[in-house]
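Everything below concerns the one structure shown next.
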Amino acid sequence: MKLHAEALLFDNDGTLVSSMESVHRCWTRWAREYGITDEAFARVELHGRPAAEIIAELLPEPVRAGALARIETLEVEDVAGGVLVLPGTKDLLSALPPGRWAVVTSATRPLAEARLREAGIDCPELVAADDITRGKPDPGPFLLAAARLGVDPARCVVFEDAPAGLAAGRAAGMRTVALTTTHPAAELVADVVVGDLSVISVQVTDGGLVLTTDG
């Protein structure tokens, strides 16, 4: 693989870090608190989607705001010890110049910032659920990140582990790299599919960024 880009846009959970055990633990507790049956909860896709959209599928409108505040509280409180940095994350991010990468997450800003802090990642630009009106697979989050960086969307590469995120990247007109950290390769549609970020190398040139895969 060799991709040329001006900016790299990373999903957070499942791409840079993993907090899947924390997510499952917090959402399971939340569902029990709100009387949601196991069957109804099992039908909902949790990963890669804004909490507000998940809640809208499970609860009536009058209680959604309180339910959203509750799951955010549970997840933020569970961050300590519940976030693992995925292989290759620190090496790749440390090789990138400021203003040439961003994190685009379906988490709320307080939760995303808490997870990044726990992982020791200093993020220069963050697009969170609070910043958008429609989450992935809508292209809006990635387009907003490109605009904030001042980069043509066609010159961005998206790194994602979830089908919804990859669909958002494609809809934004960006090239995509899928990581098989949470879904099997057969479920991921992308320009390139890799195991994790440890196989990605970046070279900074006058023309931008050149990405290659090791091995």
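Index from 1, following the sequence.
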Problem set entry | Closest non-hydrogen atom pair between L68 and A52, with its separation | CD1-N, 3.9 Å
Exercise. Mind checking whether M174 and V192 sit in one hydrophobic cluster, side chains of I, L, V, M, F, W, Y counted as touching below 4.5 Å?
Worked result: no
Exercise. Which residue pairs pass the side-chain hydrogen bond (donor to acceptor under 3.5 Å, both in side chains) test when at least one of the two sits in residues 2-18, sequence neighbours left out?
Worked result: E6-R155, D11-T15, D11-K136, D13-S19, T15-D161
With a 3.5 Å cut-off and sequence neighbours excluded, list the donor-acceptor pairs that the side chains of residues 80-93 form with protein atoms.
from: T89; atom 1: OG1; to: L16; atom 2: O; distance (Å): 2.7
from: T89; atom 1: OG1; to: L86; atom 2: O; distance (Å): 3.1
from: K90; atom 1: NZ; to: A119; atom 2: O; distance (Å): 3.1

For this session: Treating Ile, Leu, Val, Met, Phe, Trp and Tyr as nodes and any side-chain heavy-atom pair under 4.5 angstrom as an edge, say whether V63 and I36 lie in one connected cluster.
Result: yes
For this session: Could you go through the side chain to side chain contact (heavy atoms under 4.5 Å, CB included) check for L58 and Y34 one step at a time?
Result: CA-CA 9 Å; L58 294 168; Y34 280 85; over 6 Å; no
Exercise. Partners of P97 by side-chain contact (heavy atoms from CB on, under 4.5 Å), sequence neighbours excluded?
Worked result: R100, V204, L209
Exercise. Is there side-chain contact between V158 and V177, with heavy atoms separated by less than 4.5 Å?
Worked result: no
Seminar exercise, completed: For L188, the other hydrophobic cluster members (4.5 Å side-chain criterion, sorted by chain and number) are L166
For this session: Mind jotting down which residue pairs meet the salt bridge (Lys or Arg N to Asp or Glu O under 4.0 Å) criterion with at least one end in residues 182-209? Sequence neighbours excluded, please.
Result: none
Exercise. Do any pairs count as a ring-ring contact (aromatic ring centres under 6.0 Å, His included) and have a residue in residues 84-104, sequence neighbours left out, and if so which ones?
Worked result: none
Donor-acceptor contacts, no H, no angles, side chain residues 127-134, under 3.5 Å, sequence neighbours left out:
from: D130; atom 1: OD1; to: R109; atom 2: N; distance (Å): 2.5
from: D131; atom 1: OD2; to: R109; atom 2: NH2; distance (Å): 2.7
from: D131; atom 1: OD2; to: A128; atom 2: N; distance (Å): 2.8

Problem set entry | Where A31 and F41 come nearest, the two heavy atoms and their spacing | CB-CD1, 3.8 Å
For this session: Answer yes if V103 and M20 sit in the same cluster of Ile, Leu, Val, Met, Phe, Trp and Tyr residues linked by side chain heavy atoms under 4.5 Å apart, and no otherwise.
Result: no
Problem set entry | side chain to side chain contact (heavy atoms under 4.5 Å, CB included) between E160 and L179, worked out | CA-CA 6 Å; E160 268 279 1; L179 285 69; over 6 Å; no
Problem set entry | Nearest heavy-atom neighbours spanning A5 and V157 | CB-CG2, 3.7 Å
Seminar exercise, completed: By salt bridge (Lys or Arg N to Asp or Glu O under 4.0 Å), E118 pairs with (sequence neighbours left out) none
Exercise. F10 versus T105: any side-chain heavy-atom pair under 4.5 Å?
Worked result: no
Exercise. How about P50 and S106: do any of their side-chain heavy atoms sit closer than 4.5 Å?
Worked result: yes
Exercise. Is T213 close to V194 at the side-chain level, that is, under 4.5 Å between some pair of heavy atoms?
Worked result: yes
Exercise. How would you list all residue pairs meeting salt bridge (Lys or Arg N to Asp or Glu O under 4.0 Å) that involve residues 24-35, not counting sequence neighbours?
Worked result: R25-D78, R29-E33, E33-R70
Exercise. Looking at side-chain heavy atoms only, is the closest gap between F159 and L197 below 4.5 Å?
Worked result: yes
Exercise. Are L111 and I121 grouped together when hydrophobic residues (ILVMFWY) are joined by side-chain heavy atoms under 4.5 angstrom apart?
Worked result: yes
For residues 141-154, dump all side-chain donor-acceptor pairs below 3.5 Å to protein atoms at least two apart in sequence or in another chain.
from: R148; atom 1: NH1; to: E125; atom 2: OE2; distance (Å): 3.3
from: R148; atom 1: NH1; to: L126; atom 2: O; distance (Å): 3.0
from: D152; atom 1: OD1; to: A154; atom 2: N; distance (Å): 3.0

Exercise. Is there side-chain contact between Q203 and T212, with heavy atoms separated by less than 4.5 Å?
Worked result: no
Exercise. Does the side chain of L8 come within less than 4.5 Å of C156's, by heavy atoms?
Worked result: no
Problem set entry | Partners passing side-chain contact (heavy atoms from CB on, under 4.5 Å) against A185 (at least two apart in sequence or in another chain) | T180, V193
For this session: Nearest 0.5 Å please: distance from the CD1 atom of I54 over to the CD1 atom of I71.
Result: 8.5 Å
Seminar exercise, completed: By ring pair (Phe, Tyr, Trp, His ring centres under 6.0 Å), W27 pairs with (sequence neighbours left out) W30
For this session: Could you walk me through whether E57 and R43 pass the salt bridge (charged side-chain N to carboxylate O under 4.0 Å, His left out) test, one step at a time?
Result: CA-CA 10 Å; E57 292 185 12; R43 289 194 294 268; over 6 Å; no
